[in-house]
Amino acid sequence: MRWLKFIVVCLLLFPLSGCWDRGEITQFAFPVVLGLDEGEDGLLEITMQIANARGVAPKMEASSGTEPSEIITISAPDLLSAREMANISVTKDIRYSHVKNIVISENLARSREFPSIMEATLRDRQFRRDINVVISREEASDFIRNNNPQLEERPHKFFAFMLERWEQTGLMPEATLNQYFKEIDGKDGLFLSIYATSTIKEPEVKEDEDYIAGEVDLSGGNPTQMIGSAVFKDGRMVGVMSGEETRHSLLLRPYAKVNTIQTNFKDPNDPAKAITVRMLKNESPKVNINMEKEKGTISVVIPVIIQVLHIPGETNYTENIQHQATLKKSIEQQLKNESKSLIRKSQRIFKAEPFLWSSIARGNFWTWTEYEKFDWSDYFSNSKVNIKYDVTIDRYGKYLYSESEKR
């Protein structure tokens, strides 16, 4: 009897060996960037930027002269069909398991069919949920082909390094497939995606970082710009936020990862000049929601620490306590005004909020059904929102005096 059990166990181990679908790495092709555009007759134009393992190897590149990637565009009903059809040109087995970024044209993102198009990424196991979602103002195929990073040979490295900067600047949001589908399921908030372009508009001169992609006056180098957010509601793109608005949406979030932002504020004693500061968000905002729908009020207190980096004016802020109090009050008021402006835009235009306050509101309900009946988006759109910034200035730079203050 023991021998019979031993034989049965051994036989069961064979299908668990895991080598049946083994393949050599040289047999596969790995797109690292996918582009989605509207095609003709209900089809999609799908662009693949496929990494070339030989082209990015340092020792082989000089001798082979091969490009670091190959870009192809194909018409197909969906992303999954495109993978199979692309093999009429690509000899290797195409796998989506290494896709890091999906670039979507603004026209497609605004279409009613877009949510159903994105569902394909849920059904195929090769798509990972941490793929970055980028919205391009022009066609995605043009964006991918025009993108020409000067400092990065590998195509995926450019996006990886560029998107890491959002934690340092706050000028664009963190945007993944997982977050996109999470907002669709919640049906009560806005999803912010990265807004980008590789075609420059007529440059404009604006205050602070109140730009969207394509408006920054930039010459030379890579033409690609990533700044601002594409705003999604119910799975479709409905508008755009500037870089400054994106910053404030992240500041108002209770769980934002952006901890350090370098920006500038008007000098209260010399409004023609701007004081450059580093702003630290070490604590989450304190959000208090009055759930009585007839008296809807939301109160938010945002603690921030300011480190002054540059004072171009002649006001002595380093020693004069009265000037310091004036600067603190001025920064708090400027932050409050900009946040209030974004909140009004969210209430009147989008009729939903990108601040993740809904996650706090849900804690007041026992069941999801009760929460849905409450209608959070309607509550937010008709509520009075009180904003307060609690600013602490902990330093005024390395030097005690500036040259102008000495005079």
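All residue numbers refer to positions in the sequence shown, counting from 1. The model shown is predicted, which means the values in this text are computed figures rather than measured ones.
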Do Glu245 and Ser229 pair up side chain to side chain, a donor and an acceptor below 3.5 Å, judged on atom types alone?
no
Show the nearest heavy-atom pair for residues Leu251 and Ile302, with the distance to one decimal.
O-CG2, 4.0 Å
With the side chain counted from C-beta on, respond yes when Asn386 and Lys384 share a heavy-atom pair under 4.5 Å apart, and no when they do not.
yes
If every non-hydrogen atom of Ile227 is compared with every non-hydrogen atom of Gly243, which pair is closest and at what distance?
CG1-CA, 3.9 Å
If only atom types and distance count, is the side chain of Glu372 paired as donor or acceptor with the main-chain N or O of Thr369 below 3.5 Å?
no
Side chains of Asp394 and Gln307: does their closest heavy-atom pair fall under 4.5 Å?
yes
Interatomic distance, Leu44 atom CG to Leu36 atom CG [nearest 0.5 angstrom]:
6.5 Å
Close side-chain approach of Pro254 to Leu356, heavy-atom, < 4.5 Å:
yes
Just jot down the salt bridge (charged side-chain N to carboxylate O under 4.0 Å, His left out) partners of Lys273, sequence neighbours excluded, or say none.
Asp270
Can Val133 and Leu177 be said to form a side chain to side chain contact (heavy atoms under 4.5 Å, CB included), step by step?
CA-CA 7 Å; Val133 181; Leu177 278 178; 4.0 Å; yes
Could you go through the side chain to side chain donor-acceptor pair (under 3.5 Å) check for Glu38 and Ser105 one step at a time?
CA-CA 8 Å; Glu38 287 185 305; Ser105 68; 6.0 Å; no
Between Asp78 and Leu80, is there a donor-acceptor pair closer than 3.5 Å when you use the side chain of the first and the backbone of the second?
yes
Side chains of Asn107 and Glu139: closer than 4.5 Å at any heavy-atom pair?
yes
Got more than 12 heavy atoms from elsewhere within 6.0 Å of CG, Leu122?
yes
Can you label the angle between the Phe374 ring and the Phe365 ring as parallel, tilted or perpendicular, going by 30° and 60°?
tilted
Flag side-chain contact, heavy atom, 4.5 Å: Ile275 against Ile331
no
Using atom types as modelled and distance alone, determine if a side-chain donor or acceptor of Tyr96 lies under 3.5 Å from a backbone N or O of Leu79.
yes
Arg348 CZ to Lys345 NZ distance, which is reported to the nearest 0.5 Å
12.5 Å
With a cut-off of 6.0 Å (strictly less than), are more than 12 heavy atoms of other residues, nucleotides or ligands near CZ of Arg278?
no
Here the pair of heavy atoms bringing Lys100 nearest to Arg128 is NZ-NH2, 2.7 Å
Is a side-chain N or O of Ser249 found less than 3.5 angstrom from the main chain of Thr246, in a donor-acceptor match?
yes
What are the two closest non-hydrogen atoms of Trp357 and Leu252, and how far apart are they?
NE1-O, 3.0 Å
Start with the C-alpha gap between Thr73 and Ile46, add the side-chain angles, then the distance that decides, and say whether side chain to side chain contact (heavy atoms under 4.5 Å, CB included) holds.
CA-CA 5 Å; Thr73 301; Ile46 299 172; over 6 Å; no
May I ask you to check whether Glu106 and Tyr195 show a side-chain donor-acceptor distance below 3.5 Å?
yes
Lys286 NZ to Asp390 CG distance, which is reported to the nearest 0.5 Å
7.5 Å
Using only heavy-atom distances, determine whether the side chains of Thr326 and Gln322 contain a donor-acceptor pair under 3.5 Å.
no
Let's go through Arg137 and Phe143 carefully: what are the C-alpha distance in whole Å and the side-chain angles of both, what is the deciding distance for side chain to side chain contact (heavy atoms under 4.5 Å, CB included) to 0.1 Å, and is it a yes or a no?
CA-CA 9 Å; Arg137 197 183 64 199; Phe143 176 86; over 6 Å; no
In the structure I gave you, are the side-chain heavy atoms of Leu327 and Phe265 within less than 4.5 Å of one another anywhere?
no
Drop me the distance from Ile135's CD1 to Leu192's CG, to the nearest 0.5 angstrom.
11.5 Å
Would the distance check show the side chain of Glu138 and the main-chain N or O of Ser198 forming a donor-acceptor pair, the cut-off being under 3.5 Å?
yes
Side-chain contact test, heavy atoms from C-beta onward, threshold under 4.5 Å: evaluate it for Ile131 versus Thr121 and give yes or no.
no
Salt bridge or not between Lys336 and Glu332? Use side-chain N to carboxylate O under 4.0 Å.
no
Shortest non-hydrogen pair, Leu342 vs Phe355, comes out as CD2-CE2, 3.8 Å
Is a side-chain donor-acceptor pair under 3.5 Å present for Gln262 with Thr276?
no
Donor-acceptor pairs under 3.5 angstrom involving side-chain atoms of residues 111-118: please list them, not counting sequence neighbours.
residue : atom : partner : partner atom : Å
Ser111  : OG   : Leu108  : O            : 2.6
Ser116  : OG   : Glu113  : O            : 2.7

Have Ser381 and Asp378 got a donor and an acceptor in their side chains that come within less than 3.5 Å?
no
Using only heavy-atom distances, determine whether the side chains of Ser75 and Glu45 contain a donor-acceptor pair under 3.5 Å.
yes
Applying side chain to side chain contact (heavy atoms under 4.5 Å, CB included) to Ile102 and Tyr180, what does each step give before you reach the verdict?
CA-CA 12 Å; Ile102 293 182; Tyr180 171 78; over 6 Å; no
Working to the nearest 0.5 Å, report the span between CG of Leu335 and CD1 of Ile306.
6.5 Å
Heavy-atom donor-acceptor pair, Gln347 side chain to Ser383 backbone, under 3.5 Å:
yes
Determine whether Phe127 and Leu34 make a side-chain contact, defined as any pair of heavy atoms from C-beta on separated by less than 4.5 Å.
yes
So CG of Asn337 and OH of Tyr389: to nearest 0.5 Å the spacing works out to 10.5 Å
Quick check against the 3.5 Å criterion: does Lys233 have a side-chain atom that pairs as donor or acceptor with the backbone of Phe350?
yes
Heavy-atom closest pair (Ser358 atom, Tyr371 atom, distance to 0.1 Å) is CB-OH, 3.4 Å
Any donor-acceptor pair under 3.5 Å linking the side-chain atoms of Asn316 with those of Thr318?
yes
